[in-house]
Amino acid sequence: MTFSASDHALMAQALRLAEQGIYTATPNPRVGCVIAKDGAIVGQGAHLKAGEPHAEVHSLRAAGDKAKGATAYVTLEPCSHHGRTPPCADALVQAGVTKVIAAIRDPNPLVAGQGLARLAGQGIETLVGLMQAQAEDLNKGFIARMTRQMPYVRSKIACSLDGKTALNNGQSQWITSEAARRDVQHWRAQSCAMLTGIGTVLADNPRLTVRDFDIGRQPLRVVVDSRLQIPLDAAILQGGNVLIVCALEDVHKTAALTQLGVQVICLPDGAGKVCLKSLLRHLARNEINEVMVEGGAGLNGALLQQKLIDELLTYQAPILLGHQAQGMIDFPALTDMQHKLQLQILETRQVGIDTRIRAIPRYTD
């Protein structure tokens, strides 16, 4: 199917609107909508927070009577079911729009084409696929949760030019510049959960909170702590919204953590460690779309070996730390170059004096 230059411009505006919910729409998808008539915008809006009106409703309210006979450009197929709000497909029908162009179908099994089908059944022309890649990129987490029952996992690593993340004595603050650390806050803010390991907690005592963005929420903070070694005065335990995942039960430590308002669950893998896949599935069941990992070589290595990382977000500083320093990924020694993990580079960008590299692991079966 062929879309006009005007179609592309109007959908691009809808995508810009959808980005307004990048920090706050969770667990819902980020959606924008533009109502246009004769090529001119008569109404537009975005979905900003779960339980509040969807993008289509905001757009229709802004358009008023001008919506009749208009075209709706929406970044995600209009919903057809009663969730926290009524179906948007019905609202579009009642408003009298004559055409709906969606960037992507809704991966939610409760919708999955039914919204477009309902519109078509009412004589409304429906098209899908305009700027699909951009719309999918905006909702990687929601799509992963709906199609794979897993969150989208993005691992952030700060390293030197020779791939080291800390000195041999564990000192790591600060490898990268203040500009890079500010940039990290953007990625934290759009995440639903932060994931780290007990090694990082003991070495760095991080909070893993969003500091530079007033988004009205803090991501869930998750610590992989097989033997419940976390100190009760650890900084990450302050402020609530914390999940500790262990592999060995400890009734007394669990009770002490629970008194602090911390949730503790036991997900053993049979080898004395936390089952990371079960943990991620647990997070997906609890409406976590995007997980950001800020851990050490051990956690990153385990996640990569189990093919659980979707994206690597690395900040490489123009410094050298030498062979004795700690590495990025703890892998078993490779014996053949055929076993190397290939990466697809998505983006390379200068952030202050550092280089930000986003890459996708290309796992083999």
Side-chain angles (χ1 to χ4, degrees), residues 1-22 25 28-48 53-83 85-148 289:
M1 77 189 65
T2 302
F3 295 105
S4 69
S6 176
D7 290 334
H8 279 86
L10 291 164
M11 185 62 80
Q13 174 60 11
L15 286 163
R16 283 190 289 270
L17 290 164
E19 289 178 355
Q20 294 178 6
I22 196 166
N28 288 355
R30 299 140 181 167
V31 183
C33 180
V34 168
I35 308 293
K37 200 168 188 178
D38 300 323
I41 296 175
V42 296
Q44 56 185 342
H47 178 55
L48 300 179
H54 287 187
E56 297 93 325
V57 173
H58 282 303
S59 300
L60 291 171
R61 286 176 180 172
D65 293 339
K66 295 178 182 178
K68 190 168 184 178
T71 297
Y73 295 82
V74 61
T75 59
L76 182 73
E77 174 185 2
C79 61
S80 59
H81 68 291
H82 283 271
T85 57
C88 291
D90 290 352
L92 290 165
V93 171
Q94 291 164 10
V97 302
T98 55
K99 187 176 183 178
V100 173
I101 299 177
I104 56 174
R105 296 184 188 277
D106 194 330
N108 186 342
L110 295 174
V111 183
Q114 295 180 47
L116 292 171
R118 183 176 295 194
L119 293 167
Q122 295 296 317
I124 296 174
E125 182 183 358
T126 60
L127 296 171
V128 65
L130 175 59
M131 303 186 75
Q132 177 179 333
Q134 293 91 328
E136 288 176 344
D137 186 63
L138 192 59
N139 282 300
K140 287 178 177 178
F142 182 75
I143 293 170
R145 179 163 67 87
M146 289 296 161
T147 60
R148 298 190 278 128
N289 292 334

| task | Report yes if the side chains of Met146 and Pro29 come closer than 4.5 Å at any heavy-atom pair, otherwise no. | result | no

| request: Spell out, as yes or no, whether a donor-acceptor pair under 3.5 Å connects the side chain of His8 to the backbone of Ser4. | output: yes

| remark: OG1 (Thr2) and CG (Leu127) are apart, to the nearest 0.5 Å, by 10.5 Å

| What are the two closest heavy atoms between Gly32 and Ala18, and how far apart are they? | N-CB, 3.3 Å

| remark: Test side chain to side chain contact (heavy atoms under 4.5 Å, CB included), reference Leu116, set Asp106, Val128, Ile124, output is Val128

| Shortest non-hydrogen contact from Phe142 to Asn28? | CD1-C, 4.3 Å

| note | Closest heavy-atom pair, Ala67 versus Leu60, reported as atoms and distance to 0.1 Å, is CB-CD2, 3.9 Å

| task | Could you grab the distance from atom CG of Asn139 to atom CD1 of Ile22, nearest 0.5 Å is fine? | result | 9.0 Å

| Expected output: side-chain Glu77 to main-chain Gln114 donor-acceptor under 3.5 Å | yes

| query | What are the two closest heavy atoms between Cys88 and Glu56, and how far apart are they? | reply | SG-OE1, 3.5 Å

| request: Can you see which heavy atom on Pro78 is nearest to which on Ala89, and at what distance? | output: CB-N, 4.0 Å

| said: Pairing donors with acceptors under 3.5 angstrom, does anything connect the side chains of Asn289 and Arg145? | reply: yes

| said: Determine whether Glu125 and Thr71 satisfy the following criterion, side chain to side chain contact (heavy atoms under 4.5 Å, CB included), listing intermediate values before the conclusion. | reply: CA-CA 9 Å; Glu125 182 183 358; Thr71 297; over 6 Å; no

| Where do Gly39 and Ser6 come nearest, in terms of heavy atoms and distance? | CA-OG, 4.4 Å

| said: Heavy-atom count check: over 12 atoms from other residues, nucleotides or ligands less than 6.0 Å from Lys140 NZ? | reply: yes

| said: Under a 3.5 Å distance rule, please check whether His47 uses its side chain to pair with a backbone N or O of Pro53 as donor and acceptor. | reply: yes

| query | Atom OG1 in Thr75, atom CZ in Arg30: separation rounded to 0.5 Å? | reply | 11.0 Å

| field | Inter-residue atom distance Lys99.NZ - Asp7.CG, 0.5 Å rounding | value | 6.0 Å

What side-chain donor-acceptor pairs closer than 3.5 Å can you find for residues 10-17, not counting sequence neighbours?
{"residue": "Gln13", "atom": "OE1", "partner": "Arg16", "partner atom": "NE", "Å": "3.0"}
{"residue": "Gln13", "atom": "OE1", "partner": "Arg16", "partner atom": "NH2", "Å": "3.1"}
{"residue": "Gln13", "atom": "NE2", "partner": "Gln44", "partner atom": "OE1", "Å": "2.8"}

| field | CD1 on Ile143 to CG on Leu76, rounded to 0.5 Å | value | 8.0 Å

| Are any side-chain N or O atoms of Ser59 and backbone N or O atoms of Cys33, one a donor and one an acceptor, separated by less than 3.5 Å? | yes

| request: Drop me the distance from Leu119's CG to Asp90's CG, to the nearest 0.5 angstrom. | output: 8.5 Å

| task | Without swapping roles, check the side chain of Lys37 against the backbone of Lys68 for a donor-acceptor pair under 3.5 Å. | result | yes

| said: I'd like to know if the side chain of Asp137 and the backbone of Gln134 have a donor-acceptor N/O pair within less than 3.5 Å. | reply: no

